[in-house]
Amino acid sequence: ADVTVSASFVASAAEFTVTFAANGGSISGDASQLIVSGEDCTAVTVVPDANYSFTQWNDANTDNPRTVTNVISNQALTATCVIDTYSVDFTAGTGGSITGTASQTIDHGSDATQVTGTAALYYEFTSWGGDYVGATNPLTITNVTADMAIAATFTSTVLDHTASTLVSSATSVNADE
């Protein structure tokens, strides 16, 4: 007997995996997605850890949130988050200078390197002002969590001899009368 066999075939679309990860943070959304060829994945968002900031994905894309469109291959995407940094700037007023690194970039929570307010001839270091107030010299700012501007103040050690001389001269003249 003759047998007739028929078969129907449906072409299945290729599927690809798109995975998302983050260094210095986490992923909000589906971090591993199985996508039909040519379709788009659902959006994911990089959530940086505390005191970190998102910079870019390993493919140099800076979108956040991120959607990969027209997926045609497996992809592993990793976001980079970097620790926040701050500027700590030391300046010197009249009569002195800063010894050490006057302008520093410091990671969140780290310490600045030590600086010294160095007085010029006929001056003395008085204090620090601005975002740090005190007279500790040399100075190390610890646990930096914001931009800071700190100024060293110096005081002249030269007396105004003109006024002293006039007072002495007047006293001498009066004593002779």
Side-chain angles (χ1 to χ4, degrees), residues 7-93 96-118 125-154:
S8 296
F9 297 96
V10 175
S12 63
E15 293 181 322
F16 300 102
T17 302
V18 179
T19 59
F20 299 91
N23 292 326
S26 61
I27 298 295
S28 174
D30 189 356
S32 181
Q33 301 180 30
L34 187 60
I35 308 298
V36 173
S37 181
E39 298 294 318
D40 302 343
C41 70
T42 59
V44 297
T45 301
V46 178
V47 180
D49 290 341
N51 306 306
Y52 278 72
S53 298
F54 167 73
T55 55
Q56 68 179 22
W57 296 92
N58 59 319
D59 63 356
N61 184 297
T62 58
D63 293 347
N64 189 29
R66 172 87 188 261
T67 302
V68 179
T69 59
N70 190 28
V71 174
I72 57 172
S73 64
N74 292 323
Q75 296 182 46
L77 300 169
T78 302
T80 299
C81 298
V82 296
I83 195 162
D84 295 337
T85 60
Y86 306 101
S87 296
V88 179
D89 295 308
F90 300 91
T91 57
S97 61
I98 300 297
T99 302
T101 305
S103 183
Q104 303 180 28
T105 301
I106 308 299
D107 288 347
H108 180 89
S110 294
D111 301 344
T113 59
Q114 180 177 285
V115 296
T116 302
T118 305
F125 171 82
T126 307
S127 63
W128 299 101
D131 293 319
Y132 170 85
V133 176
T136 301
N137 195 29
L139 176 64
T140 301
I141 300 295
T142 59
N143 191 30
V144 175
T145 59
D147 290 336
M148 300 179 80
I150 302 166
T153 304
F154 303 91

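Throughout, numbering of the chain's residues begins at 1 and tracks the sequence.
- For the atom pair I150 CD1 and L139 CG, the distance stands at 6.0 Å (nearest 0.5 Å).
- A distance of 6.0 Å separates CD in Q56 from OG1 in T80, rounded to the nearest 0.5 Å.
- Closest of all the heavy-atom pairs between F154 and G96 is CE1-CA, 3.5 Å.
- In this structure, W57 contributes its side chain and D63 its backbone to a donor-acceptor pair below 3.5 Å.
- Here OG1 of T113 is found 10.5 Å from CD1 of I141. Values are rounded to the nearest 0.5 Å.
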Quick one: do Q114 and T101 satisfy side-chain contact (heavy atoms from CB on, under 4.5 Å)? Show the steps, please. CA-CA 8 Å; Q114 180 177 285; T101 305; over 6 Å; no
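- In this structure N74 satisfies the side-chain hydrogen bond (donor to acceptor under 3.5 Å, both in side chains) test with no other residue, sequence neighbours excluded.
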List the steps and the verdict of side-chain contact (heavy atoms from CB on, under 4.5 Å) for F90 and Q104. CA-CA 9 Å; F90 300 91; Q104 303 180 28; 3.7 Å; yes
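- Across all their heavy atoms, F125 and A152 have their closest contact at CE1-CB, 4.0 Å.
- The two residues A112 and V144 come nearest to each other via the heavy atoms N-CG2, 4.2 Å.
- In plain terms, the two heavy atoms of I83 and Y52 that are nearest each other are N-CD2, 3.4 Å.
- Taking each heavy atom of A22 and V46 in turn, the nearest pair found is CB-CG1, 4.4 Å.
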Verdict with supporting geometry, T67 and D40, side-chain hydrogen bond (donor to acceptor under 3.5 Å, both in side chains): CA-CA 7 Å; T67 302; D40 302 343; over 6 Å; no
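- Taking every heavy atom of both residues into account, G24 and C81 meet most closely at O-CB, 3.3 Å.
- Within the model, atoms CD of E39 and CG of N70 stand 9.0 Å from one another, a figure rounded to the nearest 0.5 Å.
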Which donor-acceptor pairs under 3.5 Å do the side chains of residues 31-38 make with protein atoms, sequence neighbours left out?
residue, atom, partner, partner atom, Å
Q33, OE1, T42, N, 2.7
Q33, OE1, T42, OG1, 3.2
Q33, NE2, D30, O, 2.8
Q33, NE2, T42, O, 3.1
Q33, NE2, T42, OG1, 3.1

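- Between I98 atom CD1 and T91 atom OG1 the span is 6.5 Å, to the nearest 0.5 Å.
- Counted by atom type alone, T118 and T99 present one or more donor-acceptor pairs between their side chains at under 3.5 Å.
- The main-chain N or O of T78 is found under 3.5 Å from a side-chain atom of N58 such that the two form a donor-acceptor pair.
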side-chain contact (heavy atoms from CB on, under 4.5 Å) between T19 and L77, worked out: CA-CA 6 Å; T19 59; L77 300 169; over 6 Å; no
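- Taking the side-chain contact (heavy atoms from CB on, under 4.5 Å) definition, one finds that N51 meets it with D84, H108, sequence neighbours left out.
- For S28, the side-chain contact (heavy atoms from CB on, under 4.5 Å) criterion is met by T45, V47, not counting sequence neighbours.
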Derivation and outcome, side-chain contact (heavy atoms from CB on, under 4.5 Å), residues V68 and F20: CA-CA 11 Å; V68 179; F20 299 91; 4.1 Å; yes
Please tabulate, for side-chain N and O atoms in residues 128-138, each donor-acceptor pair with protein atoms closer than 3.5 Å (sequence neighbours left out).
residue, atom, partner, partner atom, Å
W128, NE1, T136, O, 2.6
D131, OD2, A149, N, 2.7
N137, OD1, G117, N, 2.9
N137, ND2, G117, O, 2.9

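- Separating the OG1 atom in T85 from the CD1 atom in I106 is a distance of 9.0 Å, to the nearest 0.5 Å.
- Here D107 pairs with nothing under the salt bridge (Lys or Arg N to Asp or Glu O under 4.0 Å) rule; sequence neighbours left out.
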